Engineer: 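Have a look at the structure that comes next, please.
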Number of protein chains: 4
Amino acid sequence: MRELQLQVRPGTAAFSKGQQRVLKILQSARDLMIAGGYHNLTMRKVAAEAGISVGNLSYYYPNKEHLLRDLLDQVIESYMWEFDKIKEEAGVGPEQQFVAIIRFIIDDLGTQETTNFFPELWALSNHDSHAAERMDALYIKARLVLNELIEVLNPSLNEPEREQLALFISASMEGLTPFAGFNKPWESKRDNIANIAAISFLNLVKTIRNEDIDQLR
Amino acid sequence: MRELQLQVRPGTAAFSKGQQRVLKILQSARDLMIAGGYHNLTMRKVAAEAGISVGNLSYYYPNKEHLLRDLLDQVIESYMWEFDKIKEEAGVGPEQQFVAIIRFIIDDLGTQETTNFFPELWALSNHDSHAAERMDALYIKARLVLNELIEVLNPSLNEPEREQLALFISASMEGLTPFAGFNKPWESKRDNIANIAAISFLNLVKTIRNEDIDQLR
Amino acid sequence: MRELQLQVRPGTAAFSKGQQRVLKILQSARDLMIAGGYHNLTMRKVAAEAGISVGNLSYYYPNKEHLLRDLLDQVIESYMWEFDKIKEEAGVGPEQQFVAIIRFIIDDLGTQETTNFFPELWALSNHDSHAAERMDALYIKARLVLNELIEVLNPSLNEPEREQLALFISASMEGLTPFAGFNKPWESKRDNIANIAAISFLNLVKTIRNEDIDQLR
Amino acid sequence: MRELQLQVRPGTAAFSKGQQRVLKILQSARDLMIAGGYHNLTMRKVAAEAGISVGNLSYYYPNKEHLLRDLLDQVIESYMWEFDKIKEEAGVGPEQQFVAIIRFIIDDLGTQETTNFFPELWALSNHDSHAAERMDALYIKARLVLNELIEVLNPSLNEPEREQLALFISASMEGLTPFAGFNKPWESKRDNIANIAAISFLNLVKTIRNEDIDQLR
DNA sequence: AATGAATGAGCGTTCATTCAT
DNA sequence: TATGAATGAACGCTCATTCAT
């Protein structure tokens, strides 16, 4: 896991104590965001949640934008780290590995953190370019794993085609979040839906032909 | 299209002038929400956008919650109305109709309104039960159209299976919004992605067997 | 009971219907004042309570001050009317009549209206000259009844002495309101306190000598 | 004088500077209340009077209710402190002491503060339970002084009788406020009225018999 | 590294009042 | 007479931010 480049005020968080503080701040911010959305993320509440004063918070983060960036970066980084782990996980064959990834992602979207954090991120990315940029980086990484497996499963596809396929598969799974995520109406059917997803995506990857993608409408 | 039940203060918007005002208010609110997210939706800004005073705005809407409800209801209603239209649209056969719907929905997610409004709705629904409720109602309607076609395309599926299939397909398309929507990185590939979606979903519906869905993991 | 000179807009409340409206308005205002104090008396609430529009309320009362005046006048007038009745009530002798009045007043201060209305009036009179003026007129009338009986009970007192005695007696009883009035801590002892008051005031009136009042300190 | 437990936001007014500010705030609030009644007591006006910003005011007082409580507590505490002083004041004998207290209280009600503050408190206590509670505590203390002297002046009375007597006497004096207080019609006769009160109350206490109080009507 | 103190703008909401119809 | 519509100021309160210590 690469070291996060914190957006804290320069000269700050130099020693262990300060670094601990920053971690506590970011965790508090994350908790507030998950519990009440970006709407609920205020400097005062973050400070209170972290058990420090507003003044002290702004010693580390001179303004809200910097804090938000670090918050997004940190959370996104943790998801990226999970994608790194996925790759390392031994799978007997490419098909089993592919299905395992599908299952892993759809499982994960059932956690409260994922269910609540990502819609905020998507909404944020519509009005905040940094959020958009970081979100983009995250999903590029997510698709990379899929891309490599697609290449093995269907060698006839070229790179752009693989990318578009990965995009479709990744976005499809993300789309399940507001419907089958934590506390959502279809939560109890998430496993069934994961079955559908797995069989559908695997079949898609193995059978699709170049002309299916680039056909004119 | 059924008449919207406005949440305005009783006795208000009784005549044409007031109704026009409420319409203008709702349109202003919608515009602000799309342009800057829920975060940007304040009573003052809505009033300014609608060209009226804050006092006058709260003459119609006693509080922000009522305004938000009407805003959500109105936008959601307009999407529901589109789904009604889809059904009426003559399609030569069930396959063509099915593909047409896929294409219609993915096309629509490329509009600025859809791209920006829905992530706000999903985020909102995590913390606002009314938003969750209305969102649910909208997607139930969206899936109904799919459901009916699935029944024709694959008569061997039972009702719960069809519903889960429709949920997967609908959610998958929604998931494309933050990636291939208006001004999004994959905007230019939206048509290709629609091709993938169409072929994938059609194949899924036609070939899936009961045991594929309910299999134990 | 003399006709109240209403402070309504000239030309208004000319006919029976309008007069009924004004009565309803004043009663609504009185109810609000008693229920929530002057603090709770707003034009909007009065209009709502009276079942009319704000616009219509201001047709009768061009501003809040006029309404307040009529409200005070009306309530005060009703108390004045009671004092007129007291005098007419046959009492066998002056002592019994005197005691009856004491009892009547202390009984009355146990009603919710009296308990809640008068402290508002006293507070108002500190900052509103019209309230002060009307309040003065009311208590002049109240003391008049006492004054006449004092003259009979103790003929040796001159007019100023009688007035000061009446003032003391009247004010003493008023002072019981916040302590032994409706829902107040000593409510259940009101009768006992009335006994004390009666015996104390009667003895005072009968035994006080001129020099007791005007003595230098 | 016991230390007041301030209702300020925790962590606030920890040092001298903050404590001075809170004192200034409370004094400003008191001044506004006396000058214009509770109706005139707004957070903005208090802030302006204290020479600080609204934000800074609400840094100390999270809401108006807390400020009002501290205001009432502070003023009431200062009166309580006076009652403590009264007791300590050496008086030659119980009669002289009793009369001195009567005179002291009636004198005090001639100050602008007392004349204007108490009616507001009585009115407030009808709609605010904390105000009612604090007011009750104040008068309990006021009656205690009277109670002890009554016991000496008339040993034949039992405790409940003494309490009712003290209540009657205390309330009677309070009742003079709106009539003989600061700037009131009978202001110039306050001394005469105090004479009447003194002679009347003393006579009452010395001559009343148990059966006078508890007699059935 | 941390605090208490402070500001000024903005929030959602209510107010008394006005006015055309 | 009566209404719906409208304003502009003020309400209590929270915000991001700044700063001296």
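Remember, it's a predicted structure, so these values are computed and weren't measured experimentally. A, B, ... follow the sequence lines: proteins, then strands. Residue 1 opens every chain. Excluded from the calculations below are hydrogen atoms, water molecules and symmetry mates; all remaining heavy atoms, backbone and side chain alike, are included.
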Engineer: At 4.0 Å (heavy atoms only), tell me whether A:A13 reaches a base, stays on the sugar-phosphate, or touches nothing.
Structural biologist: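 The answer is sugar-phosphate, as A:A13 gets under 4.0 Å only of primed atoms, P, OP1 or OP2.
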
Engineer: Would you indicate what B:G55 reaches in the nucleic acid, counting non-hydrogen atoms under 4.0 angstrom: base, sugar-phosphate, or nothing?
Structural biologist: base

Engineer: What's the closest nucleotide to the side chain of A:V54 if the choices are F:dT17, F:dG12, F:dT1?
Structural biologist: F:dT17

Engineer: A:Y60 ring centre to A:K24 NZ or CZ under 6.0 Å, with the angle to the axis within 45°?
Structural biologist: no

Engineer: Sequence neighbours left out, what passes side-chain hydrogen bond (donor to acceptor under 3.5 Å, both in side chains) with B:Q19? Give chain and number order.
Structural biologist: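 Result, side-chain hydrogen bond (donor to acceptor under 3.5 Å, both in side chains) vs B:Q19: none returned.
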
Engineer: Establish, with yes or no, whether the OP1 or OP2 oxygen of F:dG12 is under 4.0 angstrom from a side-chain nitrogen or oxygen of D:Y61.
Structural biologist: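 No, no such contact exists.
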
Engineer: Can you tell me if D:R9 uses its side chain to pair, donor with acceptor, with the backbone of D:Y59 under 3.5 Å?
Structural biologist: yes

Engineer: Under 4.0 Å, counting only non-hydrogen atoms across every strand here, what does B:N63 touch: a base, just sugar-phosphate, or nothing?
Structural biologist: sugar-phosphate

Engineer: Quick one: the dot-bracket string of DNA chain E, using Watson-Crick and G-U wobble pairs with both distances under 3.5 Å, [ ] for crossing pairs and | for bases paired to another strand.
Structural biologist: .||||||||||||||||||||

Engineer: Does anything in residues 48-61 of chain B form a salt bridge (charged side-chain N to carboxylate O under 4.0 Å, His left out)? List the pairs, not counting sequence neighbours.
Structural biologist: none

Engineer: Side chain of D:K17, heavy atoms from C-beta onward: which of E:dA6, F:dA5, F:dT1 has the nearest atom to it?
Structural biologist: E:dA6

Engineer: Base, sugar-phosphate or nothing for A:L57? Non-hydrogen atoms, less than 4.0 Å.
Structural biologist: nothing

Engineer: Indicate whether OP1 or OP2 belonging to E:dA5 is found under 4.0 Å from a side-chain N or O atom of D:N56.
Structural biologist: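 Negative; the distance criterion is not met.
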
Engineer: Please determine, for the side chain of D:R44, which listed nucleotide (E:dC15, F:dC11, F:dC15) has the closest atom?
Structural biologist: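 The closest nucleotide is F:dC11.
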
Engineer: Would you indicate what B:T12 reaches in the nucleic acid, counting non-hydrogen atoms under 4.0 angstrom: base, sugar-phosphate, or nothing?
Structural biologist: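 Sugar-phosphate only.
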
Engineer: Looking at E:dA5, does its base get a donor-acceptor pair with the side chain of D:R21 below 3.5 Å?
Structural biologist: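 Checked by distance alone, the answer is no.
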
Engineer: For A:S53, answer base if it contacts any base atom (sugar-phosphate contacts may also be present), sugar-phosphate if it contacts only those atoms, and nothing otherwise; contact means non-hydrogen atoms under 4.0 Å.
Structural biologist: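 Base contact.
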
Engineer: Kindly say if A:Y59 contacts the phosphate of F:dT18, meaning a side-chain N or O under 4.0 Å from OP1 or OP2.
Structural biologist: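 For F:dT18, OP1/OP2 do not have a side-chain N/O of A:Y59 under 4.0 Å.
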
Engineer: Side chain of A:S58, heavy atoms from C-beta onward: which of F:dA16, F:dA5, F:dT18 has the nearest atom to it?
Structural biologist: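 For the A:S58 side chain, the nearest candidate turns out to be F:dT18.
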
